Amino acid sequence: MTAQRRRARPGRPVVLAASVVGAVTLAVGSGFAASPGTARAADPPAPAPAPTTVPAGPAVPASPAVPAPTAAPTPPAARGTPVPVRAVRPFGAFLDSGPSGVAHMAQLSRWLGGTELKVAHTYLPGGSWQDIEGPPGFLDVWAHWRRGKADRTLVLNVPMQERNEEDVPDDQVRLLLRQAAGGAFDQHFRTLAERLVELGVPDTVIVLGWEMNGITYTHRCGPDPAAWKAYWNRIVATMRSVPGQKFRFDFTPSRGRDAVPWTECYPGDDTVDVIGMDSYDQPSGLSFDEQVKEPYGLQQHVDFAKAHGKPISYPEWGLFRNGDNAEYMRRMLAWIDEHRPLYNTLTDYCPHGVWQCSANPRASLVYRTALYGLTQPPAPTPAPVSPPPPAALPEPAPATGPPAVCSPLSLGDWAEHWLDRQPCAGFDWWSRTR
């Protein structure tokens, strides 16, 4: 990012005073069209104010109080009625780098009416090479969560240089990149790969050297793009050489041109599995349509990935320079639905988030309503009821007249089950099924 676009980073703890927000009565805008004939559900109410201290870095913060809904709608499954199964793209949220990030995932899921987060996202610290190798014990809780279910994904941001947020000047970055391209740091990434395999998470998505097109990180590309690409390729080759690995490598610039065009940093199709983009609501005054159409923006990202035959992702996205922007939240959720990324993870701390940050009640309502209760399992289908066998009839007496007439067995009527849905003001619950 340029200096004007830099935001609070996960590696830099930030404490922001959260505004005290009253009950939200603003209805969600009608940005989506319902499918014909589908029923609609009530919007979940606005979340309660979040804690004033917001976790934003690898240090483990105190767990925030779970923002409880004031009168959350009862999911239909809880009322004994069947619920149509809706496919939801794998998603998660960055909630903290440390163990509390895993704990917060279950709390966020409850706030979303039981919708299950399938993606866990954390960052390795970048202060030292020991950090980048995976500090002892740091990855254990994340690996444990990933192993819990086969359909889960662990996303791990991996710095490419130590002292990664220490404002190392360009000439030093250039020298480091050239040393790295020659193999000076290969062993650190081999150690990380071996650690991930040993922990039973060999299929981790590695977001390597993220936002390389900006100026924030020591692993930035701008000082020497050729050396940067050669270094990326060495890291990938080194990690893929470890037996048992199944890593996927995610090339993730920030949206827009930033310090250099991110296309100049692309290292090649052989070493990139996913083409991601970190996309926040910025700079100030930029509409969502402009975020789509700008050079190196959302549309170019989608087109570039398609041209290279790669899936897309959004490892970081959320609010920023334009405050509590419900329109951005609606449009970004719709964009994600339309373009079907491999995964997306919202950055959930102030000023970007919607659960741990009470400063964004309108966007919070949009996000919560759109994702509320989507993975509730359907009620079990009743087994077909067979009619009871007819009662045994006595042996007929010798026929002396017309035969007896038997009445047909009465089975009764089946009760019809109807979905008990209620409309929400201005928003179609089922609009995102398409």
Side-chain angles (χ1 to χ4, degrees), residues 11 58 97 122-140 142-143 146 154-166 168-214 216-253 260 262 264-276 310 315:
S97 294
T122 190
Y123 296 70
L124 287 176
S128 69
W129 282 116
Q130 185 180 20
D131 292 336
I132 296 170
E133 292 174 356
F138 179 85
L139 291 168
D140 295 41
W142 297 96
R146 166 62 188 92
L154 175 60
V155 176
L156 180 64
N157 276 49
V158 176
M160 294 168 69
Q161 288 288 349
E162 64 178 348
R163 301 169 57 206
N164 199 39
E165 296 188 45
E166 295 185 14
V168 176
D170 279 357
D171 58 345
Q172 292 186 37
V173 170
R174 188 176 299 109
L175 176 61
L176 288 168
L177 287 174
R178 291 173 181 176
Q179 291 174 344
F185 309 124
D186 290 358
Q187 181 56 45
H188 303 297
F189 296 95
R190 183 174 293 107
T191 299
L192 171 62
E194 291 170 349
R195 183 158 290 161
L196 290 169
V197 171
E198 289 169 3
L199 287 171
V201 286
D203 58 351
T204 299
V205 175
I206 306 293
V207 185
L208 181 63
W210 69 101
E211 299 184 12
M212 76 299 294
N213 56 324
T216 302
Y217 300 112
T218 305
H219 65 220
R220 61 189 180 271
C221 163
D224 193 334
W228 190 92
K229 289 185 283 189
Y231 184 25
W232 167 287
N233 290 332
R234 286 198 71 96
I235 293 172
V236 173
T238 297
M239 295 187 71
R240 284 179 175 170
S241 71
V242 172
Q245 67 80 34
K246 301 175 184 178
F247 304 123
R248 287 173 288 179
F249 291 89
D250 191 331
F251 171 82
T252 299
V260 294
W262 50 261
E264 293 184 7
C265 306
Y266 186 68
D269 292 343
D270 290 344
T271 57
V272 172
D273 300 297
V274 185
I275 298 178
K310 305 294 182 182

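Heads up: numbering here begins at 1 and tracks the sequence. Since this is a predicted model, take the numbers as computed values, not measurements.
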*Before giving the answer on side chain to side chain contact (heavy atoms under 4.5 Å, CB included), spell out for Phe247 and Leu196 the whole-Å C-alpha distance, their side-chain angles and the decisive distance to 0.1 Å.*
CA-CA 9 Å; Phe247 304 123; Leu196 290 169; 3.7 Å; yes

*Test side chain to side chain contact (heavy atoms under 4.5 Å, CB included) on Arg190 and Val242 and set out the steps.*
CA-CA 7 Å; Arg190 183 174 293 107; Val242 172; 4.1 Å; yes

*For the pair Leu176 and Phe185, evaluate side chain to side chain contact (heavy atoms under 4.5 Å, CB included) and give the outcome as yes or no after the intermediate values.*
CA-CA 10 Å; Leu176 288 168; Phe185 309 124; 4.2 Å; yes

*Does the side chain to side chain contact (heavy atoms under 4.5 Å, CB included) test come out yes or no for Phe189 and Ile132, once each step is laid out?*
CA-CA 8 Å; Phe189 296 95; Ile132 296 170; 4.0 Å; yes

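The side-chain hydrogen bond (donor to acceptor under 3.5 Å, both in side chains) test applied to Gln130 returns no partner, not counting sequence neighbours. Listed by chain and number, the residues in a side chain to side chain contact (heavy atoms under 4.5 Å, CB included) with Pro202 are Val197 (sequence neighbours excluded). With sequence neighbours excluded, the residues that form a side-chain hydrogen bond (donor to acceptor under 3.5 Å, both in side chains) with Trp232 are Thr271. In terms of the salt bridge (Lys or Arg N to Asp or Glu O under 4.0 Å) criterion, Arg248 has no residue partners (sequence neighbours excluded). The side chain to side chain contact (heavy atoms under 4.5 Å, CB included) check on Asp171 picks up Pro169, Arg174, with sequence neighbours excluded. Checked against side-chain hydrogen bond (donor to acceptor under 3.5 Å, both in side chains), Asn164 has the following partners two or more places apart in sequence or in another chain: His219. Every side chain to side chain contact (heavy atoms under 4.5 Å, CB included) that Arg163 has, sequence neighbours left out, goes to Glu166, Val168, Gln172. With sequence neighbours excluded, the residues satisfying side chain to side chain contact (heavy atoms under 4.5 Å, CB included) with Lys310 are Tyr266, Asp269, Ile275, His308. Listed by chain and residue number, nothing satisfies the side-chain hydrogen bond (donor to acceptor under 3.5 Å, both in side chains) test with Thr122 (two or more places apart in sequence, or in another chain).
When all heavy atoms of Gly134 and Leu192 are compared, the closest pair comes out as N-CD1, 4.4 Å. Nearest heavy atom pair, residue Val272 against residue Val274, reads CG1-O, 3.3 Å. Closest of all the heavy-atom pairs between Ala227 and Ala181 is O-CB, 3.9 Å. Across all their heavy atoms, Leu177 and Gln161 have their closest contact at N-NE2, 4.4 Å. Between Pro159 and Trp210, the shortest heavy-atom contact is N-CZ3, 3.5 Å. For Pro315 against Asp250, the heavy-atom pair with the smallest separation is CG-OD2, 4.0 Å.
For the atom pair CZ of Phe138 and CG of Leu156, the computed distance is 7.5 Å after rounding to the nearest 0.5 Å. We find the CD1-CE distance between Ile235 and Met160 to be 4.0 Å, quoted to the nearest 0.5 Å. Distance check: Gln187 CD to Thr238 OG1 gives 9.0 Å after rounding to the nearest 0.5 Å.
Annotation: salt bridge (charged side-chain N to carboxylate O under 4.0 Å, His left out) contacts involving residues 226-245, sequence neighbours excluded, comprise Asp186-Arg234, Arg240-Asp273. Sorted by first and then second residue, the pairs that involve residues 217-227 and meet salt bridge (charged side-chain N to carboxylate O under 4.0 Å, His left out), not counting sequence neighbours, are Asp170-Arg220, Arg178-Asp224. Listed by first and then second residue, the salt bridge (charged side-chain N to carboxylate O under 4.0 Å, His left out) pairs involving residues 193-206 are Arg146-Asp203 (not counting sequence neighbours).
Remark: the backbone N or O of Ser128 is paired with a side-chain donor or acceptor of Asp131 at under 3.5 angstrom. Side-chain atoms of Trp228 do not come within 3.5 Å of backbone N or O of Pro223 as any donor-acceptor pair.
Residues Pro225 and Val260 have side chains not in contact (no heavy-atom distance under 4.5 Å, counting atoms from C-beta outward). For the pair Leu124/Leu139, a side-chain contact is recorded, criterion being any heavy-atom separation below 4.5 Å from C-beta on.
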